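Remarks on the structure that follows.
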Amino acid sequence: MAAPQSYFDESHQLVRDSVRRFVEREILPHIDEWEEAEEFPRELYLKAGAAGILGIGYPEQYGGSHEGDVFAKVAASEELMRSGSGGLVAGLGSLDIGLPPIVKWARPVVRERVVPQVLAGEKIMALAVTEPSGGSDVANLKTRAVREGDHYRINGSKTFITSGVRADYYTVAVRTGGEGFGGVSLLLVEKGTPGFTVGRKLKKMGWWASDTAELFFDDCKVPVDNLIGVENAGFACIMANFQSERLSLAIMANMTGQLALEESMKWARERQAFGKPVGKFQVLKHRLAEMATQLEVSREFTYRQAAQMAAGRSVIKEISMAKNFATDIADRLTYDAVQIMGGMGYMRESLVERLYRDNRILSIGGGTREIMNEIIAKQMGL
Ligand SMILES: Cc1cc2nc3c(=O)[nH]c(=O)nc-3n(C[C@H](O)[C@H](O)[C@H](O)COP(=O)(O)OP(=O)(O)OC[C@H]3O[C@@H](n4cnc5c(N)ncnc54)[C@H](O)[C@@H]3O)c2cc1C
């Protein structure tokens, strides 16, 4: 099932081929072991950096390539998902939610030091917005940063932070002003800063290969230069950042559905029951046909929004729709794939077992299904 050629040109195909080779060489031989260990080697960041994968979509001056090229990023994300591990993709790719605010809005002195290290895979980047008191209501976050001369003093905590244990740099959402969205700012916090500690690695339903952590700030002092953008204007930065994250999550969901369909097709052809391949039973044939249809529609709609974003158009409503649609379809496809594979679909050795667990987070992270619906309804004037 080839992607529509109109969205991808030759340079995107080169990106796709090179990321696919990287996944086949560096990830697939080890991924089952890494999933069970709930960790992949830190060295993989360096390898992905050296292969130019981490830099896709970022400015050349910092070691990136294909700056702002949405479909280069889509092609790379799709191929990384061929690892069959959402956790690995989320962990290796945590720079894609933490770094864009630094690239766009950090002070030059910070940007020029941090961005090249992260794109080279020498340093790991995380984004810390969610707090123990809640993640959906970003405008009411509680972690406070008080300006005292040439630094901010931070107190509070964050939770569910991807790459939280291993990261070196954290883009942290804090309250520098009054109540509501107008009092939120972004600050860069570095590992090792006094008053900043990382809590336990959290156990999860899926995304095992990624580390997820709690963070604590106890009179943690960071220089004023670490302010990202303008003080009290952080909320708009966070919301802008969410747009590309939601596209990535929709792409991850569509690829999860693709892998689930491929595994189901293989099984339907090979597994025999009542003297014929199970895929010859009409009920399974029709289910596979419906799975393929739902996936095509979802992928096409997602690509369409990616194309709009590539053209610089605002698709706040549509990208929320794409995320909800794609994650919903992938939930159904992974459920169906487990069913089609019977008992084997429930076994740890089956890829679909992991896909089923991993997909569950996609309608929660980066804004829940309900929050997406709130955004869509608001854009509809409701
Ligand atoms: C594996 C994993 C990785 C994550 N990685 C990161 C990360 O790297 N950085 C980060 O900052 N966060 C991260 N998160 C957090 C994630 O973004 C939040 O879990 C998510 O935004 C939801 O927040 P919450 O869990 O606090 O749920 P809550 O906000 O407490 O919501 C609880 C329920 O209420 C619903 N709800 C809330 N408000 C409304 C409303 N207005 N209308 C209708 N329903 C509503 C929600 O949809 C949900 O069903 C991660 C989470 C997980 C599980």
Side-chain angles (χ1 to χ4, degrees), residues 1 3 12-57 72-97 121 124-125 162-163 166 204-212 245 247-266 295 299 302 326-327 330 333-334 337-338 341 345 347-362 365-366:
M1 205 177 301
H12 302 138
Q13 191 58 44
L14 291 175
V15 168
R16 187 180 288 286
D17 292 344
S18 110
V19 179
R20 184 175 289 213
R21 282 195 301 274
F22 182 84
V23 169
E24 285 170 356
R25 191 178 65 243
E26 302 291 347
I27 301 177
L28 279 173
H30 313 288
I31 192 61
D32 291 345
E33 195 189 315
W34 295 345
E35 275 280 319
E36 293 296 327
E38 300 186 1
E39 189 169 280
F40 60 89
R42 201 181 158 108
E43 197 196 357
L44 193 68
Y45 287 95
L46 285 171
K47 287 183 176 174
I53 293 174
L54 300 183
I56 296 169
K73 202 81 195 159
V74 171
S77 306
E78 288 183 340
E79 292 308 317
L80 284 171
M81 278 303 284
R82 288 224 162 256
S83 65
S85 166
L88 180 127
V89 176
L92 192 63
S94 60
L95 81 161
D96 286 331
I97 51 175
I124 300 173
M125 183 90 228
T162 299
S163 297
R166 293 204 289 195
K204 308 186 288 292
M205 175 193 288
W207 274 18
W208 290 355
S210 67
D211 83 59
T212 309
E245 182 178 0
L247 173 64
S248 298
L249 293 167
I251 299 287
M252 283 176 86
N254 290 333
M255 262 326 271
T256 303
Q258 175 70 37
L259 295 176
L261 179 62
E262 288 173 9
E263 292 298 299
S264 305
M265 294 282 290
K266 251 190 272 167
L295 180 61
R299 187 163 35 208
T302 305
T327 54
L333 261 62
T334 52
V338 171
M341 291 187 66
M347 292 296 122
R348 193 77 72 75
E349 65 191 88
S350 296
L351 175 59
V352 299
E353 183 268 346
R354 188 191 305 150
L355 297 175
Y356 178 72
R357 286 187 282 106
D358 276 0
N359 201 68
R360 195 61 192 82
I361 179 59
L362 299 184

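From a predicted model like this one, the values you see are computed outputs, not experimental measurements. Numbers for residues simply follow the sequence, beginning at 1.
- Residues Thr302 and Val74 have side chains not in contact (no heavy-atom distance under 4.5 Å, counting atoms from C-beta outward).
- Scanning both residues, Leu92 and Leu54, for their nearest heavy atoms gives O-CD2, 3.8 Å.
- What you find for Lys73 and Ile56 is that their closest heavy atoms are NZ-O, 2.8 Å.
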Exercise. Please report the C-alpha distance between Leu333 and Leu355 in whole Å, then the side-chain angles of each, then the deciding distance to 0.1 Å, and finally whether the side-chain contact (heavy atoms from CB on, under 4.5 Å) criterion is met.
Key: CA-CA 10 Å; Leu333 261 62; Leu355 297 175; over 6 Å; no
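- Counting heavy atoms from C-beta on, the side chains of Trp208 and Ser85 never come closer than 4.5 Å.
- Smallest separation of non-hydrogen atoms from Gly121 and Leu46: O-CD2, 3.5 Å.
- Proximity of Val15 to Ile53: side-chain heavy atoms (C-beta onward) are nowhere separated by under 4.5 Å.
- Across all their heavy atoms, Ser163 and Gly91 have their closest contact at OG-O, 3.2 Å.
- Here the CG-CD1 distance, from Leu249 to Ile361, works out to 8.5 Å after rounding to the nearest 0.5 Å.
- Side-chain contact check for Glu78 versus Ile251: some heavy-atom pair is nearer than 4.5 Å.
- Here the closest non-hydrogen pair linking Gly86 and Asp358 is N-OD2, 3.0 Å.
- In this structure, Ile27 and Phe40 have side chains that are not in contact, with every pair of non-hydrogen atoms separated by 4.5 Å or more.
- Between the CE atom of Met125 and the OG1 atom of Thr162 there is a distance of 13.0 Å, given to the nearest 0.5 Å.
- Residues meeting the side-chain contact (heavy atoms from CB on, under 4.5 Å) test with Glu262, sequence neighbours left out: Arg82, Gln258, Leu259.
- Considering CE of Met341 and OG of Ser264, their distance stands at 7.5 Å, rounded to 0.5 Å.
- Among residue pairs with one or both ends in residues 44-55, those qualifying as side-chain hydrogen bond (donor to acceptor under 3.5 Å, both in side chains) are Glu26-Lys47; sequence neighbours excluded.
- Judged by distance alone, with hydrogens and angles left aside, the side-chain atoms of Ser83 form no donor-acceptor pair with the main-chain N or O of Leu28 at under 3.5 Å.
- With respect to the salt-bridge test (charged N to carboxylate O, under 4.0 angstrom), the residues Asp32 and Arg354 qualify.
- In this structure, a donor-acceptor pair under 3.5 Å is absent between the side chains of Thr334 and Asn359.
- Under the salt bridge (charged side-chain N to carboxylate O under 4.0 Å, His left out) criterion, Arg21 pairs with no residue at all, not counting sequence neighbours.
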Practice problem: Check step by step if side-chain contact (heavy atoms from CB on, under 4.5 Å) holds for Ser210 and Lys204. | Solution: CA-CA 10 Å; Ser210 67; Lys204 308 186 288 292; 3.5 Å; yes
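- At least one side-chain heavy atom of Val89 sits under 4.5 Å from a side-chain heavy atom of Met252.
- Side-chain contact between Glu353 and Met347: absent, with no pair of heavy atoms (C-beta onward) separated by less than 4.5 Å.
- By the 4.5 Å heavy-atom criterion applied to side chains, Trp207 and Arg357 are not counted as neighbours.
- Minimum heavy-atom separation, Ala250 to Ala326: O-CB, 3.7 Å.
- If you take CD1 on Ile124 and CZ on Arg166, they are separated by 5.0 Å, rounding to the nearest 0.5 Å.
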Practice problem: Could you walk me through whether Glu263 and Lys266 pass the side-chain contact (heavy atoms from CB on, under 4.5 Å) test, one step at a time? | Solution: CA-CA 5 Å; Glu263 292 298 299; Lys266 251 190 272 167; 3.0 Å; yes
Quiz item: When you look at Phe22 and Glu79, which way does the side-chain contact (heavy atoms from CB on, under 4.5 Å) test go after all the steps?
Solution: CA-CA 9 Å; Phe22 182 84; Glu79 292 308 317; over 6 Å; no
